[in-house]
Each structure stands twice: as C-alpha cells, then as structure tokens.
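Here's the structure we're looking at; comments come further down.
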Amino acid sequence: MQTDLYKHKGMRRALVSQLRQKGIKDERVLAAIEAVPRHFFFDKAFLEQAYQDKAFPIGEGQTISQPYTVAFQSELLQLKPTDKVLEIGTGSGYQCCVLLQITPHVYTIEYKKALYEKAVKFFKTYGLHPHTFHGDGSEGLPRHAPYDKIIVTAGAPGVPKSLVKQLTLGGILVIPVGGEKSQKMLRITRKGENEFTKEEFSNFKFVPLLGKSGWDAETM
Ligand code: SAH
C-alpha cells in the first residue's frame, strides 16, 4: 500500500491544468483525475513518470493509458453518478478508478489473467468495489447488460455489433477503431432499438483489442 502525500496532490493539480489546456472541460472528469493517485499504479522509482501525460508499460505487453486519453474517453462518455458503466480492458485499473470517482456502478473485464489478478488485488488493497471479470470482453459482458456507458480501452478492428446491443436507449459506446498503428476515437449513441448515431474524433494509439471480435485469439 502506498501513501498519497501533499507533493503528489500538487503533481496531480499540475497534470489537471495540463489536461485543461489540452481541451478537457468536463469538471467531473477533471475532479476524478485530480482525486486518483496515479502513482499507486507505478513502482516507487517511477514517481515522475506517474504524473507526466504519457502512457507507461504495466507488463504483459500492455500499458496504462495516457492521462489525456483517459480524460478524453471519459469526457466523451458524458458520465453521470447514476450510470452503469462497462469498461473493456481493466489493465492497471487506473481508468476504472477514474470511473469509480463518478459512479459506483462499474463493471470491468480483463483478458490477461496476470493483469486481472493484479488489478483485483489493487482494488482490494485500496477498498474499491468495481465488479471485476476475467475473460474476453470484445463482445461485451452480456450477462450484466444493459449498460448506460461502455468504454473500450484497446484498439478494435471495427465496432462489434454485440457491444452496441448491450447499450440502454440513449446509451453511449466510446471505442477506438482502426489499424494497428492508429485508431480513430468513435462515439456511438443508441437512439432507438435499431437506431445509432456515430461521431468521429481524433486519432489515438492503443494496444490491440484481442479476442473474438478483436485482432486475434491469443491465449490467456
Ligand atoms: N484501461 C487500462 C488500459 C489498459 S491497456 C488502464 O487504465 O490501465 C488495454 C487493456 O485491454 C490491456 O490490459 C489488455 O490486456 C486488455 N484487453 C485486450 N483485449 C481484451 C479483451 N478482448 N477483453 C478484455 N480485455 C482486453
């Protein structure tokens, strides 16, 4: 268990002001990033890196997303305190902690066993209670659907049909879609039973979404 000191809070305030300068406006999201000690996800030797606006390796070939990316995706979700949210790609658990600052109803699924176990341990250590799942989330988590919001934190080759079907009416899916090198951020909103709108935003670089509706069927 690590401690959150005054100096860390100062580093987070500086990070939040950078995110504001980069265009993030949602006050709930900014407050959440200011509240979550990102250095808890890092080895003590990497304190400086924890509060830089950069992605960082977390093992198993995966990364903790860049704070700007976490903020951007979270803002697109238009999160409310009553939302039931599904996150695909728990990874380090950082994005999940940001979501938990805004709503207690968070479901998160991770494909890689080692990362899943590490994240579960982390949540337990810090007394956090997302609903955690191990498995292929590329087709969502149908048994707990529908969700008001779905966030995919790995790059997908396309928008899986099964995912949009797990949205409530008015629900929002935020998913990076594209090739291996770069993905366009998409926001899909469910307007009716079979009616969806699609908005496109800027390009990002995510690790690939694995599994059935992802890039391959790598072993867990
Ligand atoms: N949200 C994470 C980002 C981690 S990177 C964070 O804040 O740290 C993306 C994660 O998606 C990786 O951990 C990867 O293992 C996971 N992933 C990839 N394909 C997946 C799938 N089909 N189902 C669930 N998780 C997946």
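Keep in mind the model is a prediction, meaning the values are calculated, not measured. Whatever order the structure lists ligands and atoms in, that order sets their numbers, starting from 1.
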Could you tell me, atom by atom, which parts of ligand 1 come under 4.0 Å of a heavy atom of [X]?
{"X": "Gln95", "value": "1 (N), 7 (O)"}
{"X": "Gly135", "value": "23 (N), 24 (C)"}
{"X": "Leu210", "value": "18 (C), 19 (N), 20 (C), 21 (C), 22 (N)"}
{"X": "Thr153", "value": "1 (N), 2 (C), 3 (C), 5 (S), 9 (C)"}
{"X": "Ser92", "value": "6 (C), 7 (O), 8 (O)"}
{"X": "Val207", "value": "5 (S), 9 (C)"}
{"X": "Leu115", "value": "13 (O)"}

Close N or O approach (Lys112, ligand 1; < 3.5 Å) =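 Among all N and O atoms of Lys112, none is under 3.5 Å from an N or O of ligand 1.
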
Can you confirm whether or not the ring centre of [X] sits under 6.0 Å from the ring centre of [Y]?
{"X": "Tyr111", "Y": "Tyr116", "value": "no"}
{"X": "Phe72", "Y": "Phe204", "value": "yes"}
{"X": "Phe133", "Y": "His144", "value": "yes"}

If hydrogens are left out, which of Gly137, Gly211, Gly89 has an atom nearest to atom 23 (N) of ligand 1, that is, the closest non-hydrogen atom?
->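 Shortest heavy-atom distance from atom 23 (N) of ligand 1: Gly137.
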
Winner among Phe56, Tyr94, Tyr111, Phe133 once heavy atoms are compared against atom 20 (C) of ligand 1 |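 Of the listed residues, Tyr111 has the closest heavy atom.
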
Residue pairs fulfilling side-chain hydrogen bond (donor to acceptor under 3.5 Å, both in side chains) with at least one residue in residues 12-28, sequence neighbours excluded =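 Those involving residues 12-28 are Asp4-Arg12, Arg12-Tyr51, Arg20-Glu27, Lys22-Asp53.
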
Sequence neighbours excluded - ring pair (Phe, Tyr, Trp, His ring centres under 6.0 Å) pairs with any residue from residues 167-200 =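 Sorted result for residues 167-200: empty, none.
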
Interatomic spacing from CD1 in Ile64 to CD in Gln49 - rounded to 0.5 Å =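 Atom-to-atom, Ile64:CD1 and Gln49:CD are 12.0 Å apart.
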
Can you tell me how far the CG atom of Leu79 sits from the NZ atom of Lys149, to the nearest 0.5 Å?
->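 The distance works out to 5.5 Å.
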
Taking the non-hydrogen atoms of [X], is any one of them nearer than 4.0 angstrom to ligand 1?
{"X": "Ser65", "answer": "yes"}
{"X": "Thr90", "answer": "yes"}
{"X": "Glu60", "answer": "no"}

Please test Glu110 against Thr90 for side-chain hydrogen bond (donor to acceptor under 3.5 Å, both in side chains), starting from the C-alpha separation and ending with a verdict.
-> CA-CA 5 Å; Glu110 171 58 48; Thr90 315; 4.7 Å; no

Atom 14 (C) of ligand 1 [closest protein heavy-atom partner, distance rounded to 0.1 Å] |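 Closest protein heavy atom to atom 14 (C) of ligand 1: Gln62 OE1, 3.4 Å.
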
How close does the nearest protein non-hydrogen atom get to atom 13 (O) of ligand 1, and which residue and atom is it?
->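 It is Glu110 OE1, 2.8 Å.
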
Salt bridge (charged side-chain N to carboxylate O under 4.0 Å, His left out) between Lys121 and Glu117, intermediate numbers included | CA-CA 6 Å; Lys121 212 167 139 196; Glu117 282 173 352; over 6 Å; no

Are Asp148 and Val85 side-chain neighbours, meaning at least one heavy-atom pair lies under 4.5 Å?
->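 No, every pair of side-chain atoms sits at 4.5 Å or beyond.
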
